[in-house]
Every structure is written in C-alpha cells, then in structure tokens.
Number of protein chains: 2
Amino acid sequence: MTKAQTAKAIRKGSSQKDALDRRQEILSAALNLFSMRDYSAITIKEIAQLAGVNSSLLYYYYEDKEALFRAALEEAVGAAMGNYDEVASKHSEPVDLINDWFQMHVTLASDIRRLVKILMDYSSSQSHSRVLDDVISKFYDVEIQILTKAVKRGQRVGLFNKVSPNAAAVFASTHLDGVMVRSIIQPRLDIAGAVDALRDAFWAYVGYKP
Amino acid sequence: MTKAQTAKAIRKGSSQKDALDRRQEILSAALNLFSMRDYSAITIKEIAQLAGVNSSLLYYYYEDKEALFRAALEEAVGAAMGNYDEVASKHSEPVDLINDWFQMHVTLASDIRRLVKILMDYSSSQSHSRVLDDVISKFYDVEIQILTKAVKRGQRVGLFNKVSPNAAAVFASTHLDGVMVRSIIQPRLDIAGAVDALRDAFWAYVGYKP
DNA sequence: GTCTATAAAAGGATAGAC
DNA sequence: GTCTATCCTTTTATAGAC
C-alpha cells in the first residue's frame, strides 16, 4: 500500500466532509505562503507540497492560482474582521476599548503583519477584482468606525478633547500599519515598545491623561 | 540602417561614458519596475524593453537579475539618504526641521512610497545579502538620528517636554512608513491630511504648542 | 558594446487513469 | 477525489556573430 492509499483509507467514509477539509487545508497552506512571500514567488507546487497533496488537486478545488489567492485574501480579512468585532463588542468604555485595540495588535502581531503584507501585494498587483476591492474597503471602514465611535463616546463623557474623531481613528489605524510594516523591514523592532509610544501619543493627541 | 545602428551611430565616440549611461539607463528602468511590482513579477525582458535595449545586454552590465535588484535597491536608498541629508542640513531650528521633514514626505511621497515597497519586498525575500542589510540598517539609523537630535535640541531650548527623544523619533518615522503603506493599499488616501494629523499628534506628544 | 539565436529550467495548467 | 504524466509557455541565462 502506498502512502497515498493509506491516507485515503484513513479518510474513507463521508467524502463530503473530507472535501471541505481538503479545501481548507489547501487554502490554509496558500495563505501561509502568500503572506510570507509575493504572489509570483509562490508556486502551485509549493502550496501543494505544504498542504501534502498533489499539485493537480489544487485545480480541482480552485479554478487557478489567482482564484486561490483571492480566497486566501478573503480568508485573512475575514479572520481579522472577527478579531476586530470581538474586541469592539467586549468594551463599552472608550479608554479600555482603545487600550485593548492597541494590545491586540501586539498579541496578534504576526497575523496582522501577514494581512498587511498580503494586502500590499494585492494592491500592487495588476489584476484587481471588484469584490476584493470592496472587501478591503469594508475592512478598513470597519476599523475606522470602531475607533471613531470610541473617540466620540470619550468626548461625550468628557474624557477627551475636541479633536476630529475620524482623524484620530485614521491616525491610530495608520500608525498600527506602520508598526507592522516596520516590523517586516526590521524584524528586530520592539513591537510592544512601538505600540506603547503610539498609546502615549494617542492619549496626548486626544487630550486624555491616563 | 536599422534603428539599433542609428542609435549606435549617434552614441559614437567616447565609449566609456556611453557604457556608464547605458548602465544607468538599465538601472533606472529596473528601479522603476521593481518599485512598482514584486521582484519575481518583473522579467528581465520587461526591464530591457523599458530601457530600450536587448535583454541580453543586461547580463553584460550585471551578473544576474538579483545583482540588478541589489543595485536598484542601493540606488533608491542612496537617493533617499541624499534627500534626508539635505533637509537635515538646511535647518538649525528643531521645529522647522521637523515640520520640513514631514513636508518632505508629502512632496516626495511617490519616491518614498516606492522605497518602502522595495524595502518590504527585499525583507520578505529569501536571499539576503550582508551588504544590503547593512545599507538598510544604516538608512533607518540616519533617519532616527536626525530626528532624535532635533528633539534633543528642542528640549535643550525648552520648547519640548521631557520625553524620550529616541522614542519620539521612532514614533514619527514609523508613522510616516504607515502613511506610505496605507497610500499603497488605499490609493485614495489623503497623504497631506494624514501627515497633518501626524504633525498635530507629534507636537502633542513632545508637548509643543505651535 | 550590442544583438540574434538558443539552451535549459521552471512554472501553470490539462487529460486521463484509478 | 486524488494522482501520474505531460504539454505549453514563460523566463533566466549563455554562446557567439557583428
């Protein structure tokens, strides 16, 4: 019995669920690789190898390499969106929410860094899809809205000064992207320290004394 | 007479200088393309076409594709370093220097964005060279030192509060990278507006009232 | 120096057996 | 569903003429 046959034998039975698993395995392998290096630097065979399947199988589950990339990007954005919603719905108090927001970027730094990397690669690629463009827009909108709301709440209860809530939100969001990028270019970067500095600056910006 | 022969005839005479020009033309074409898309997405023929020469000629001037990429990266960093030094040596007054520093990132946004993109591509590539790693480290060191010095001077003359000058410098530098990245992912981003917000936050952070 | 021609390898994608 | 075999195209790189 060959390796492949053994594997097949183990997975025998409900073939529907297997297919979903396999699809997910391939997607996961693709996401890992696409977020490490560039789209064109990743080969179909490499993805298949990481997923532990034959490269032809990728064409059974996905139309072509680009479709696989799109699926991987949507997956990454969806996961991040989930984290965002979780933090947002956990806090009613604006200071706690924003502190936790910053903390999340330290804790999940490697995931968020991957997302930023993959978003950059997509943005500087030729072929854009309307759907993905919308997904990405939506994603940043959600982030900005969560932060904007928090700043507004802080102003309403008299904790923060009268700055533009939207500007403050864009500011924090942009800086966090900067931290992620800098930690790609300079892997030695002290992410926690960089986020601490952002926290100090952000509170100074909105006029909050911790 | 073919096109190529005509071009050759025009360039007749001192062949030494011609070689330098041609070398530069190729390098310039490579830099343009490498900063637009990823290393692996750019082909030798594409570079040659943009430079207006045959693709084989690239191997006369550069050992291989990687050597050409390295040269392009050094060129981009060198150019940015030149801009940095220029702004730094123009000001003795810290507030002016920092304001001009921010302004430079608006004015030269497309160049700096390209640099950030190419630095990211290099960082997430497999093959690293000791020389390039050092060039990049040096580059960020120079930026941090210029800003750190300015903050220290501002503190000495009593304009700024007692914050860590290095932390303030890293903060500004990181945020500017964030602005560049965000403007890649979202081309609609209002760069001038984003830098304005940074300016406000930075002055709040160091306790300066403009 | 610059080009033509071409070798050599790699990568994406498909046909078809099982 | 998954694999083997293979085709086709692209791409890097070299040899050699001019």
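This structure is a prediction, so every number in the text was calculated from the model and none was measured. Below, chain A is the first sequence line, B the second, and so on; all start at residue 1. Every heavy atom of this structure was used, including side-chain atoms; hydrogens, water molecules and symmetry mates were not.
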**Report entry** Listed once per pair and sorted, the ring pair (Phe, Tyr, Trp, His ring centres under 6.0 Å) pairs that draw on residues 24-56 of chain A, sequence neighbours left out
**Finding:** F34(A)-Y39(A), F34(A)-F69(A), Y39(A)-F69(A)

Which of the following nucleotides, [options], is nearest to the side chain of [X]?
{"X": "K65(B)", "options": "dA13(D), dC3(C), dT2(D)", "answer": "dA13(D)"}
{"X": "L57(B)", "options": "dC3(C), dA13(D), dC3(D)", "answer": "dC3(C)"}
{"X": "S56(B)", "options": "dA5(D), dG1(C), dT14(D)", "answer": "dT14(D)"}
{"X": "N54(A)", "options": "dT12(D), dG1(C), dC3(D)", "answer": "dC3(D)"}

Requested in this report: Using only heavy-atom distances, decide whether a donor-acceptor pair under 3.5 angstrom links the side-chain of S55(B) to the base of dT12(D).
Outcome: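 When only heavy-atom distances are counted, S55(B) does not reach the base of dT12(D) through any donor-acceptor pair under 3.5 Å.
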
Query raised in the report: Using 4.0 Å as the upper bound for N to carboxylate O, is an ion pair formed by R130(B) and D134(B)?
Result: yes

Query - R70(A) and E74(A) ion-paired at < 4.0 Å - result: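 Salt bridge: no.
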
Tell me whether the side-chain N/O atoms of [X] come closer than 4.0 Å to OP1 or OP2 in [N].
{"X": "Y60(A)", "N": "dC3(D)", "answer": "no"}
{"X": "Y59(B)", "N": "dA13(D)", "answer": "yes"}
{"X": "R22(A)", "N": "dG1(D)", "answer": "no"}

Report summary line: Applying the Watson-Crick and G-U criteria (both distances under 3.5 angstrom) with [ ] for crossing and | for other-strand pairs, one obtains for DNA chain D ||||||||||||||||||

Expressed as a whole number of angstroms, how long is the span from [X]:[atom1] to [N]:[atom2]?
{"X": "E66(B)", "N": "dT11(D)", "atom1": "CD", "atom2": "C1'", "answer": "15 Å"}
{"X": "L68(B)", "N": "dT11(D)", "atom1": "CG", "atom2": "C1'", "answer": "15 Å"}
{"X": "Y61(B)", "N": "dA13(D)", "atom1": "OH", "atom2": "P", "answer": "18 Å"}
{"X": "Y62(A)", "N": "dG12(C)", "atom1": "OH", "atom2": "P", "answer": "17 Å"}
{"X": "L58(B)", "N": "dT14(D)", "atom1": "CG", "atom2": "C1'", "answer": "14 Å"}
{"X": "E63(A)", "N": "dA13(C)", "atom1": "CD", "atom2": "P", "answer": "9 Å"}

Requested in this report: Sequence neighbours left out, what passes ring-ring contact (aromatic ring centres under 6.0 Å, His included) with Y208(B)? Give chain and number order.
Outcome: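 If we apply the ring-ring contact (aromatic ring centres under 6.0 Å, His included) test to Y208(B), skipping adjacent residues, the hits are F160(B), W203(B).
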
Requested in this report: Please list, chain by chain and in numerical order, all residues satisfying ring-ring contact (aromatic ring centres under 6.0 Å, His included) with F102(B), sequence neighbours excluded.
Outcome: F202(B)

Requested in this report: Establish, from distance only, whether the side-chain atoms of H128(B) and D133(B) form a donor-acceptor pair under 3.5 Å.
Outcome: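 The criterion, which ignores hydrogens and geometry beyond distance, is satisfied for D133(B) and H128(B).
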
**Report entry** DNA chain C contacts made by residues 35-52 of chain B, counting heavy atoms under 4.0 Å
**Finding:** none

**Report entry** Steps toward side chain to side chain contact (heavy atoms under 4.5 Å, CB included) verdict (E66(A), S127(A))
**Finding:** CA-CA 9 Å; E66(A) 252 188 65; S127(A) 60; 3.2 Å; yes

**Report entry** Cation-pi, Y62(A) ring and R23(A) (6.0 angstrom, 45 degrees)
**Finding:** yes

Scan the side chains in residues 168-175 of chain B for donor-acceptor partners under 3.5 Å anywhere in the protein, sequence neighbours excluded, and list what turns up.
| residue | atom | partner | partner atom | Å |
| --- | --- | --- | --- | --- |
| S173(B) | OG | R182(A) | NH1 | 3.1 |
| S173(B) | OG | R182(A) | NH2 | 2.5 |
| S173(B) | OG | E143(B) | OE1 | 2.9 |
| T174(B) | OG1 | V170(B) | O | 2.7 |
| H175(B) | ND1 | H175(A) | ND1 | 3.0 |

